[in-house]
Amino acid sequence: MSRAGVDPRPGRRVAAIALGAALLAAGAAPAAPGSQQRNLSDALLSLARQSGRNLLFQGAALPPRAAPSIPDGTSFRAALDLLLAGTGLIYREQPDGTIVILPAPASRPTPPLPRPPEPTEEILVMGQRLQDRFAAELRSPLPVHILPAADFNRAADRNMAELLGRLPGVNVMMTSLQGDLGGIDRAARAEGQSVAIRGLGGAYSQLLMDGVNIAQSLPYSRDVQLSLLPPFGPDALHLETALTADKDGDAIGGIIDFRSASAFDLGAERTRISLRGNWTTRTGDYHLSGAGGGGEVEWSRLFGRDNALGLVLRAHADSRPFASRQQTYQTGQFDYAITDAAGHNPAGMDAGENLLATSLNAQFVRGRTKRGGAAAALDWRPDAPYSAFLRAGWNRADTEQDVYQVGFQGGRDASFTRRIPLGNGLYQTQSIKNQLHYWFQTNPDEAELLTLHGGGEIRASALTLRPYLFHSWGRNDKPRHIEVSFWNNRGTTVDEGLVMADRGGYPVPLLGPKMQALLAGADAVPASNLGEYTSLTSRQRKDGGGLDLETGPDGMKLQAGMKLVRSDNSVTRRNQRPQNSGGSAALPPGTRMGDLTALGLSDGTWVTVAKGLYDYQVPLIDQGLLLERFRAHAGDFVWTPDDYNGNSMSGQETVSAAYLQADLQRGPWQLLPGLRVERAEINTRYWLSGNQGVPAGGIAYGWNHGESRYKAWLPRLLVNYTPDEDQRYRLAIWTGQVRPALYQLSGSATASRDANGTVTLIQGNPDLKAVSALNIDLGGEWRWPGGHAGLSLYHKRLRHYLYDAGANYNGLADGGGASLPIVKPFNGGTARLWGAELAAAQELDFLPDPFNALVLETSLNSQQSRVRLNMPDLAPVERLQYAPNWQVNSRLRYAADDWSLSVSYSWSDAYIQKYGLHGLSGSGSRMNGSALDVWVQPSQRLDLQGDWQVSPGATLEFSIRNLLNDLAYRATIGRQSDAVPETIASGRSAQMVLRLEF
């Protein structure tokens with residue numbers, strides 16, 4: 001495409017994409033001087049530019065005639081009627097406001113349209129070029145950020161989570177606290193897994209497909225695994241950051257809506273095929289192919305009587321290998337370097353700075369993710385006051401991952417450390433023993449999402465009705481997880497303490513001769529865990545529907561609606577370790593690491609964990625054969641009721657809602673006052689472990705039921721002031737409510753008896769309160785020739801805050817009497833968040849040629865937070881989880897006639913991932929406190945992208961990810977200390993895409 005905005009490709013549809021705010025605020029389209037001398041195409045393009053409306057029409061369908069003159073002050077619709085009078089063409093307005101010009105139905109007298117002998121060239125009028133999406137953001141009654149599909153194609157991102165990270169206020173996380181679905185091994189895939197919006201985790205936001213809810217099938221929260229979705233497919237990505245009354249209440253952070261276009265939007269006929277190839281650098285170190293690839297196909301057609309039916313079909317499949325080197329620590333094996341006599345952190349000493357790592361795990365991962373999916377969009381738009389649509393989508397991702405570890409554990413229990421008196425009542429902690437561990441596990445992941453959505457629009461006089469129905473099904477499973485380990489207390493323990501030095505931010509052990517000898521004789525290291533098999537399944541089915549109504553003239557519209565949604569969840573997690581009860585497993589008793597080859601589980605290949613850093617060798621294991629051996633030899637495992645049911649839960653949630661809202665416009669002002677009412681009923685079923693399902697001692701062991709009820713009145717007010725088409729000012733005051741996850745209400749429950757015979761009950765809390773929020777947003781948006789800027793200031797006040805604890809409970813507390821202590825989750829106190837977002841873009845056309853083809857886009861987000869968790873072991877005031885203080889995104893793009901090149905950069909400040917509740921160290925010290933919060937350290941990434949239009953129907957694109965080879969992930973206990981870190985380095989990757997359109 002030339003910089004003048006003309007695309008010379010023949011045989012294409014003519015699209016006038018004009019940019020502006022509302023139609024001159026009052027809806028008028030002024031005439032252009034000399035319009036009567038223009039042909040019809042030029043007049044339509046001029047009308048589009050001046051009105052700020054999108055006009056789509058077929059070039060060959062326009063008769064070769066001069067356009068009539070348009071009197072001053074003529075409204076947009078009246079001007080369009082004048083231009084099309086006598087042409088045999090009609091126009092229809094799409095739901096997004098786009099006007100599509102089509103031939104009149106055959107039943108009407110339509111004069112034949114002359115068709116030129118040669119295909120006409122496509123003209124793509126870009127108005128002020130980069131401002132098309134900014135103009136759409138400015139016209140929206142809600143504050144919204146939009147990413148169109150054109151930007152998807154230029155990104156080096158691997159999934160939708162990473163794409164969202166290019167929008168202001170979105171924090172992309174490599175991992176969260178989603179229990180078995182999170183953790184450091186999940187982060188080792190080095191791709192974004194979930195997002196936090198404006199400082200709030202995914203459970204506080206809502207993910208939609210074409211405006212309807214999708215299944216939330218993660219087992220421990222209301223979050224959605226965004227890595228399931230590839231970075232292509234939808235035609236636009238919308239992030240709404242303030243809510244009107246027609247939006248659900250559980251979207252305090254924001255609403256992410258993936259929008260798909262209809263065939264009427266895409267064109268009467270379009271076929272697009274994309275072929276992908278990708279490559280990653282580190283896979284070769286671990287004997288894994290670094291090559292991957294895939295493709296997508298899109299087919300769009302209009303058909304039926306009068307071309308009233310439109311169909312879009314899409315399908316995709318891809319495969320991506322990954323490999324990373326890791327450095328972690330063993331859970332609980334870190335301590336205070338200096339203690340008092342009781343083993344506590346001394347008074348006046350910063351606990352975060354007073355840490356000593358007593359373990360080190362040197363690891364690497366290797367694996368591959370395969371994704372596939374399909375989507376369909378069917379629209380029926382007859383020349384009548386009614387229309388209908390159907391949307392369907394399916395996505396699946398299967399990941400196989402191997403994790404290899406060489407571990408040094410110098411803090412397993414109190415016998416591994418000693419405290420050396422320093423005088424003045426202080427002691428120095430010292431490791432005096434070290435234990436060698438070899439460990440292998442698989443970390444598979446299967447995620448799937450299905451959505452079906454149908455509805456329509458009926459206009460009856462002044463009343464418009466929009467009914468809809470939807471169904472969504474999702475699953476997040478971790479099947480086929482198997483692990484083995486090699487160590488024992490006698491043979492791999494040496495009386496040499498674990499001492500570490502720093503090497504470029506990595507802790508490296510200074511090993512004594514006895515440990516070095518064990519490493520040299522790794523073939524002889526005996527097996528400990530002969531095979532442990534775990535499977536987790538988590539499913540949700542969501543069905544719903546609703547009816548929206550609208551009536552009244554422009555400027556005084558009244559909107560109302562109702563909605564009903566039912567969700568059904570089920571979670572199971574089962575573990576088999578048959579050798580604990582005398583059974584057989586994958587490895588026979590007495591197996592040593594050197595026997596893996598004879599057992600057929602290894603081909604004898606040993607690889608280095610991390611060359612030049614952790615030069616320890618481990619044998620590669622065939623996970624498929626290991627699993628086969630387990631299944632063949634573990635047939636004598638006998639399930640007990642507690643083993644089989646102990647981590648099972650199911651539940652149903654029914655939410656009914658109704659709303660009433662007005663859309664009042666007078667001059668430059670628009671007011672959107674409204675009220676939403678929501679009512680939720682949640683019923684759960686869970687198993688209480690501890691006595692194999694037999695009630696005893698007044699405790700209802702076995703299956704139990706829980707009930708929770710919630711009701712919310714949610715008033716909302718949005719005010720827009722639009723003095724002209726190039727600026728808009730916004731104020732939004734709105735409320736929301738997020739219900740606790742089913743797991744927190746009635747999750748895995750256990751009654752345990754200590755040595756004194758005291759029974760402690762651990763269970764969910766059906767009396768948890770919903771988190772309610774008051775939100776205030778103030779913003780402004782401005783555009784000018786070649787540029788755009790938006791500024792938003794926001795404040796959120798949340799009551800009864802619940803933080804993300806993954807498979808644990810939010811805040812363990814003694815909630816019972818002395819006869820039966822009960823440990824259960826409870827609500828925190830008030831959380832407050834203040835933030836500011838700035839997004840801007842500018843075409844640098846004022847620079848001398850050729851630099852005037854540069855475009856600079858940037859966004860900046862700043863926020864501060866305070867939350868009272870009401871946890872005795874933590875500070876009275878903490879920061880919000882997942883909320884960095886600063887974030888920056890920028891892109892510099894050079895666009896020539898048929899090629900472009902861009903560099904994008906992202907940076908995120910540190911944020912809290914987990915609050916500092918670690919329990920006891922190996923030496924018995926209590927490792928709890930806000931100074932021991934787990935912080936994800938600042939991260940950055942520099943990417944390079946480019947595209948070249950080889951021919952009118954072929955485009956070649958490439959991207960290089962992580963040019964500077966920055967770390968994928970770095971977390972530490974304590975914000976400033978590097979004593980106890982976790983680190984992931986994944987290297988660089990590249991992708992090449994060939995797009996064919998015809």
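Just so we're clear, the structure is a prediction, and the values are computed from it rather than from any experiment.
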Can you pull the salt bridge (charged side-chain N to carboxylate O under 4.0 Å, His left out) pairs that have at least one residue in residues 418-443, sequence neighbours excluded?
none

For residues 335-363, the salt bridge (charged side-chain N to carboxylate O under 4.0 Å, His left out) pairs (sequence neighbours left out) are none

Decide salt bridge (charged side-chain N to carboxylate O under 4.0 Å, His left out) for D445 and R189; before the verdict, give the C-alpha distance in whole Å, the side-chain angles of both, and the deciding distance to 0.1 Å.
CA-CA 12 Å; D445 179 17; R189 298 174 189 177; 3.3 Å; yes

Residue list, ring-ring contact (aromatic ring centres under 6.0 Å, His included) with [X], at least two apart or on another chain:
X: F637; value: W639
X: Y915; value: Y803
X: F364; value: Y286, Y404

What one should report as the nearest heavy-atom pair of L688 and A751 is CD1-N, 3.9 Å

Please indicate whether R480 has more than 12 foreign heavy atoms, meaning atoms of other residues, nucleotides or ligands, lying under 6.0 Å from its CZ.
yes

Check whether more than 12 heavy atoms from other residues, nucleotides or ligands sit under 6.0 Å from atom CG of N489, and answer yes or no.
yes

Side chains of Q405 and S485: closer than 4.5 Å at any heavy-atom pair?
no

Can you list the residues that meet the side-chain hydrogen bond (donor to acceptor under 3.5 Å, both in side chains) rule with [X], with sequence neighbours excluded?
X: E878; answer: S930
X: E532; answer: N529, N575
X: Y882; answer: D804
X: T328; answer: N361, Q363

Any ring-ring contact (aromatic ring centres under 6.0 Å, His included) pairs touching residues 330-356, not counting sequence neighbours?
Y329-F334, F334-H918

Less than 4.0 Å between a side-chain N and a carboxylate O, is that true for D933 and R879?
no

Tell me whether R325 is salt-bridged to D285, with the criterion being a basic N under 4.0 Å from an acidic carboxylate O.
no

Partner residues of A357 under the side-chain contact (heavy atoms from CB on, under 4.5 Å) criterion, sequence neighbours left out
M500, V980

Candidate list Q435, R412, Q409, test side chain to side chain donor-acceptor pair (under 3.5 Å), partner T493, passing option:
Q435

Atom pairs and distances, side-chain donor-acceptor, residues 504-519, under 3.5 Å, sequence neighbours left out:
| from | atom 1 | to | atom 2 | distance (Å) |
| --- | --- | --- | --- | --- |
| K514 | NZ | D495 | OD1 | 2.6 |
| K514 | NZ | D495 | OD2 | 3.3 |
| Q516 | NE2 | L511 | O | 2.8 |

Between Y220 and Y743, how do the two ring planes meet: parallel, tilted or perpendicular, split at 30° and 60°?
perpendicular

